Amino acid sequence: MKINLKVNGKDHTSDVEPMMSLAAYLREVLLLTGTHVGCDTSSCGACTIKMDGKAVKSCTILAVQADGCDITTIEGLSQNGEMHPLQASFKENHGLQCGFCTPGMIMTAENLLSENPNPTEEEIRHGLEGNFCRCTGYHNIVKSIQHAAESN
Amino acid sequence: MSNYIGQSIKRREDDRFITGKGKYTDDIVLPKMTHLAFVRSPYAHAKINSIDTKAALSHPGVVAVYTGEDCGNFGVPCGWQVNFKNGDTMKEPPHPLLAVGKAKHVGENVVAVIAETLQAARDAAELVEVDYEELPAVTNPNAAVQPGAPQVHDDIPNNVVFDFALGNPKEEVDAAIDGASHVTKLNFKNQRLAPNAIEPRSYIADYDVTVDKYTLYTSTQNPHLIRLLMCAFVLGLPEHKVRVISHDVGGGFGSKIYHYSEEALVTWASKQIGRPIKWTSDRSEAFLTDAHGRDYVTTAEMGFDNNGKIVAFRVHSEANLGAYLSTFSTACPTYLHATLAQGCYTTPLINIDVTATFTNTNPVDAYRGAGRPEMTYMIEHLMDTAALEMQIDPVELRKTNFIPAFDGVSQPGYQTQVALQYDSGNYHATLDRALEMVGYDQFRKDQEESRKNGKLLGIGFSTYIEACGIAPSAVVGSLGARAGLYESAHVRVQPTGSVSVFTGSHSHGQGHETSYAQFVADTLGIPMENVDIIHGDTNEVAFGMGTYGSRSLAVGGSAIMKSLDKILEKGAKIAAHKLEAAVEDLEYAEGKWTVKGTDKSIAFGDVSLTAYVPHDYPEGLEPGLDFSSFYDPTNFTYPFGTHIAIVEIDKDTGKVTLKRFIACDDVGNVINPMIVEGQIHGGVAQGVGQALLEGVDYDENGQMITGSFMDYAMPRADDFPFFETDRKVTPCPHNPLGVKGAGEAGAIGSTPAVANAVMDAISHLGGVKDIQMPITSERVWEAMNS
Ligand code: FES
Ligand code: FES
């Protein structure tokens with residue numbers, strides 16, 4: 001099936017299998033491997049991207065459902081070679097270790113802050129409920145998001 | 001310049017991770033690459049009568065289909081031989097790459113289907129028909145050793161892998177327990193856990209017929225070890241024909257040490273079909289087949305005299321190793337476990353007795369702590385339970401029993417009753433600091449006050465010790481390890497003075513690219529930017545044993561230091577020649593050799609250039625500045641610390657909320673405090689996860705009932721408060737950096753602190769029995785209402 005979509009500001013037209021997930025499309029067709037797959041069942045959040053301004057889990061969306069949509073992945077977050085404040089804050093606050101959950105965490109955090117620019121610690125922790133990190137105990141992830149919110 | 005050590009330098013590897021440019025195995029795509037899907041056993045125990053692969057083979061896009069018959073002679077090995085008490089060799093049945101004759105656990109590989117696309121491989125796998133005859137299964141290690149239990153391996157009666165004991169003579173320990181004025185006894189299960197690295201395992205094998213060489217890309221913690229095991233023990237390949245690469249790896253926690261059958265299978269099959277093959281686990285396969293952790297059924301007793309002094313400690317455990325022996329499974333409940341039974345206490349008599357069993361479950365291997373968390377849980381949970389029973393303050397009870405401080409330099413190490421000699425320790429110091437952090441006296445007042453208002457607050461302690469930096473090769477060799485456990489390092493100074501460090505350690509989240517560069521730059525007195533750390537490729541790094549057991553810096557770092565010493569020694573000869581001085585008259589600081597008492601000096605970069613352009617050069621000295629070293633440690637090293645948990649329990653629902661978590665750890669000298677703290681956070685989260693949330697369960701037929709993120713309770717961000725951490729420093733006296741190890745401390749110390757806090761919160765209600773982990777709302781409610 002033919003789809004037209006915009007990914008990180010670039011237009012793409014592709015012919016995809018009807019059952020191909022959006023995560024697989026991004027990774028295998030566009031080679032945007034920053035979007036990770038940790039479960040394929042909507043549980044871990046590693047595959048989180050933004051679709052038409054909302055954070056979604058790309059493992060449980062079909063590529064064909066993204067037809068006509070505007071998508072941002074982790075690769076599209078930095079602008080003009082400048083790191084996004086959240087990316088900078090994750091580095092500054094050691095918000096990652098193995099880095100596998102990180103793209104999904106940052107995309108979720110970006111969504112969280114766009115909806116609630118001054119979240120409490122509890123709101124941040126609650127907002128990360130759909131994203132697993134096995135390395136950091138979430139401590140520095142929450143700190144990274146707080147720090148990004150404060151410096152905004 | 002020399003000031004990187006001790007600084008929280010931000011991690012250089014983060015730049016690629018935060019921009020989505022990490023290179024994990026599944027990100028790699030090779031030309032003409034095929035995909036593999038497994039048919040896995042739906043039964044825990046079943047005879048395989050026949051396998052029909054015809055339909056699968058004729059499915060469009062299928063390249064090949066293999067069964068156990070096709071690769072029946074290959075099997076993956078166990079890395080550690082533990083003998084029976086009577087000296088007999090442990091039972092070590094073959095572990096085929098694909099099941100032969102019988103399937104022995106749910107999820108075992110039975111058939112491999114290779115196709116042009118993953119979808120075609122998966123569809124064709126559905127078409128394979130396996131005629132199974134289901135057999136009765138056993139999943140509990142205690143049940144497995146009972147007469148008449150189903151036999152996992154036909155020729156291994158009672159499913160016993162080995163029996164094992166360590167410590168003082170059993171009769172002496174028994175007599176001391178019998179004569180004790182108080183004995184605290186606990187029966188419990190240290191439940192099975194799923195490591196759940198967020199990156200699923202992934203392997204790509206690429207056989208190149210033109211040069212007769214193999215490349216295996218793998219998400220492993222120890223690429224050289226995989227190459228060695230696979231070449232020497234599984235496929236019989238010459239090592240120089242095999243390159244193993246593990247670039248970025250998304251977490252390991254022990255589960256990516258094991259040389260898995262899938263790694264060998266894709267490597268073998270790639271030659272059969274002459275094309276690259278990729279297999280990436282999905283999460284269900286990860287739950288079923290990534291090596292699990294823990295799983296002991298234990299009776300532990302501690303005897304005290306009437307002053308609260310421990311007189312003896314006695315344990316019997318059955319350890320469930322699963323259906324096959326994984327790489328380190330046999331070491332976990334024995335030499336990585338029983339050897340920690342001294343804890344931080346002066347216990348004079350100890351006997352640890354373990355029976356290891358086969359069951360129809362997935363193999364168990366090292367999981368963050370590997371044997372030490374299980375021992376620490378016993379000791380520390382016994383301590384708080386005993387304090388409650390004897391009505392002694394748990395802090396006082398510990399202080400009564402602590403080994404006094406010793407630095408291992410002016411005072412000797414401490415010889416335990418269970419083989420090890422602790423290198424240095426100061427257990428009072430971390431406890432005192434943690435008490436100060438928590439505000440202990442005030443807490444007890446608040447607790448009393450809150451009880452009046454119907455609130456249930458509890459505090460729990462854990463003063464742990466652990467052994468890391470595994471290990472002196474001769475020692476572990478005498479205990480059955482089938483490999484040496486040194487580390488290698490190669491330091492290459494380039495002609496222009498920049499430095500490439502090739503290390504056998506492997507980073508899968510630990511930040512070696514940064515922390516190693518810090519101490520290398522400091523030692524050489526050059527900017528960090530001039531130092532690169534290379535790991536994870538057997539073609540680049542000569543050899544390595546990999547990263548596990550919190551050994552990277554203590555062992556791998558020491559190997560690098562040895563190479564740096566050689567570089568400075570040779571550099572001094574070149575400098576002396578150039579400066580027309582004697583080597584003894586030079587001193588090295590801030591990146592240059594200076595003739596003492598003069599301003600005559602030569603910079604590191606000039607010496608390195610001279611080494612490669614040796615026109616004006618010391619006679620007889622080889623050109624170049626490039627050294628390899630192997631470092632074999634002289635002892636383990638022993639971090640320790642105090643963890644304190646404060647919980648609040650909802651009286652109506654039994655829900656446990658972790659209110660505060662305090663950790664004061666002593667991991668020796670620290671290169672990068674930010675990274676060390678991060679390691680503690682992650683470890684604590686996993687330890688708390690075990691205490692309150694996680695557990696792999698099989699039903700009586702051996703079906704896993706916790707095989708997805710919906711059924712297995714992974715800790716989430718809102719399960720935790722911010723952790724409160726601090727450190728004390730007692731350097732390791734026997735390695736050049738004075739470091740101990742921080743990777744596992746959090747997971748080892750935290751679990752009993754949380755369990756103890758729960759008991760402290762509710763035991764005053766009367767009649768409350770010990771609660772098994774995970775301490776769920778339901779279990780707490782039952783305990784309060786029975
Ligand atoms: S991969 Fe999409 S939520 Fe886990
Ligand atoms: S950093 Fe490894 S899973 Fe989050």
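These figures come from a predicted structure and were not determined experimentally. Within every chain, numbering begins at 1; the chains are lettered A, B, ... in the order of the sequence lines, protein sequences first and strands thereafter.
- In this structure, chain A has heavy atoms under 4.5 Å from both the backbone and the side chain of B:I675.
- Note on ring orientation: taking the six-membered ring where Trp is involved, the planes of B:H512 and B:H535 are perpendicular (angle over 60°, cut-offs 30° and 60°).
- In this structure, chain A has no heavy atom under 4.5 Å from any part of B:D719.
- Heavy atoms of B:D248 lying under 4.5 Å from chain A are absent altogether.
- Ranked by heavy-atom pairs under 4.5 Å with chain A, the list B:H508, B:R16, B:M674 is led by B:M674.
- The contact list for residues 4-14 of chain A toward chain B, using heavy atoms and a distance under 4.5 Å, is empty.
- Contact annotation for B:D282: neither backbone nor side-chain heavy atoms come within less than 4.5 Å of a heavy atom of chain A.
- Between B:E513 and B:R11 there is no salt bridge, since no side-chain nitrogen of the basic residue lies less than 4.0 Å from a carboxylate oxygen of the acidic one.
- Judged by distance alone, the side chain of A:H139 and the main-chain N or O of B:F723 form a donor-acceptor pair under 3.5 Å.
- The backbone N or O of A:E82 sits nowhere less than 3.5 Å from a side-chain atom of A:N80 that would complete a donor-acceptor pair.
- Summarising the geometry of A:G104 relative to A:N131, their closest heavy-atom pair is O-ND2, 3.3 Å, with the distance given to 0.1 Å.
- Two residues are said to be in side-chain contact when any heavy atoms from C-beta on lie closer than 4.5 Å; B:D14 and B:R12 fail this criterion.
- Salt bridge annotation for A:D67-A:K2: absent, with no cationic side-chain nitrogen under 4.0 angstrom from a carboxylate oxygen.
- Contacts from residues 92-101 of chain A to chain B, taken as heavy-atom pairs separated by less than 4.5 Å, involve A:E92, A:H94, A:L96, A:Q97, A:C98, A:G99, A:F100 in sequence order.
- In this structure, the side chain of A:N111 does not engage the main chain of A:T108 through any donor-acceptor pair within 3.5 Å.
- Heavy-atom distances place the backbone of A:T136, and not its side chain, under 4.5 Å from chain B.
- Along residues 54-63 of chain A, no residue comes nearer than 4.5 angstrom to chain B, judged on non-hydrogen atoms.
- Contact tally against chain B (heavy-atom pairs below 4.5 Å) for A:E122, A:Q87, A:M105: the top residue is A:Q87.
- Between chain A and the residues B:G511, B:P200, B:G250, B:A717, the largest count of heavy-atom pairs under 4.5 Å involves B:A717.
- Contact of B:E677 with chain A is not made at all, since no heavy-atom distance falls under 4.5 Å.
- Between A:K50 and A:D70 no salt bridge is recorded (no basic side-chain N to carboxylate O distance below 4.0 Å).
- Interface check for chain B: of the options A:E75, A:H126, A:E129, the most heavy-atom pairs under 4.5 Å are formed by A:E129.
- Between B:F661 and B:H643, the ring centre distance stays below 6.0 Å.
- B:E199 has a carboxylate O that lies under 4.0 Å from a charged side-chain N of B:K256, or vice versa, which qualifies the two as a salt bridge.
- Taking A:N140, A:T102, A:L128 one by one and counting their heavy-atom pairs under 4.5 Å with chain B, the maximum is reached by A:N140.
- Residues of residues 33-45 of chain A having a heavy atom under 4.5 Å from any heavy atom of chain B, listed by number: A:T33, A:G34, A:H36, A:V37, A:G38, A:C39, A:S43, A:C44.
- There is no side-chain donor-acceptor pair under 3.5 Å between B:Q679 and B:H681.
- In this structure, the side chain of B:S550 does not engage the main chain of B:G741 through any donor-acceptor pair within 3.5 Å.
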Next item on the list: Apply salt bridge (charged side-chain N to carboxylate O under 4.0 Å, His left out) to B:K21 and B:D15, showing your working.
Entry: CA-CA 8 Å; B:K21 297 199 177 69; B:D15 292 350; over 6 Å; no
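- Geometric assessment of A:K143 against the ring of B:F722 yields a positive cation-pi assignment under the 6.0 Å and 45° thresholds.
- Ring-centre distance between B:F709 and B:Y712: not below the 6.0 Å cut-off.
- With hydrogens and angles ignored, the 3.5 Å screen pairs no side-chain donor or acceptor of A:S78 with any backbone N or O of A:G81.
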Next item on the list: For B:L693 and B:M714, run side chain to side chain contact (heavy atoms under 4.5 Å, CB included): C-alpha distance rounded to whole Å, both residues' side-chain angles, the deciding distance at 0.1 Å, then the answer.
Entry: CA-CA 7 Å; B:L693 298 162; B:M714 281 277 282; over 6 Å; no
Next item on the list: Output, in order, the C-alpha distance, side-chain angles, deciding distance and verdict of side chain to side chain contact (heavy atoms under 4.5 Å, CB included) for B:M704 and B:F287.
Entry: CA-CA 9 Å; B:M704 189 188 289; B:F287 270 108; 4.1 Å; yes
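- Between chain A and the options B:G509, B:S507, B:G746, B:G682, the largest number of non-hydrogen pairs under 4.5 Å is found for B:G509.
- Most heavy-atom pairs under 4.5 Å with chain A: of the set B:G251, B:P715, B:S284, B:A685, this distinction falls to B:P715.
- B:Y203 and B:R201 share a donor-acceptor pair across their side chains, judged by distance under 3.5 Å alone.
- The shortest distance between side-chain heavy atoms of B:V676 and B:R727 falls below 4.5 Å.
- Interface summary for chain A: among B:P195, B:G689, B:S8, the most heavy-atom pairs under 4.5 angstrom belong to B:P195.
- Among the candidates A:E28, A:M83, A:E121, the residue making the largest number of heavy-atom pairs closer than 4.5 Å to chain B is A:E121.
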Next item on the list: Mind running salt bridge (charged side-chain N to carboxylate O under 4.0 Å, His left out) on B:E694 and B:R368 for me, showing each step along the way?
Entry: CA-CA 14 Å; B:E694 301 179 42; B:R368 207 165 194 169; over 6 Å; no
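- B:V249 touches chain A through its backbone: at least one of N, CA, C or O sits under 4.5 Å from a heavy atom, while the side chain does not.
- The backbone N or O of B:V29 lies less than 3.5 Å from no partner atom in the side chain of B:K278, so there is not a single donor-acceptor pair.
- Proximity of a side-chain donor or acceptor of B:D726 to a complementary backbone N or O of B:C664 within less than 3.5 Å is not detected.
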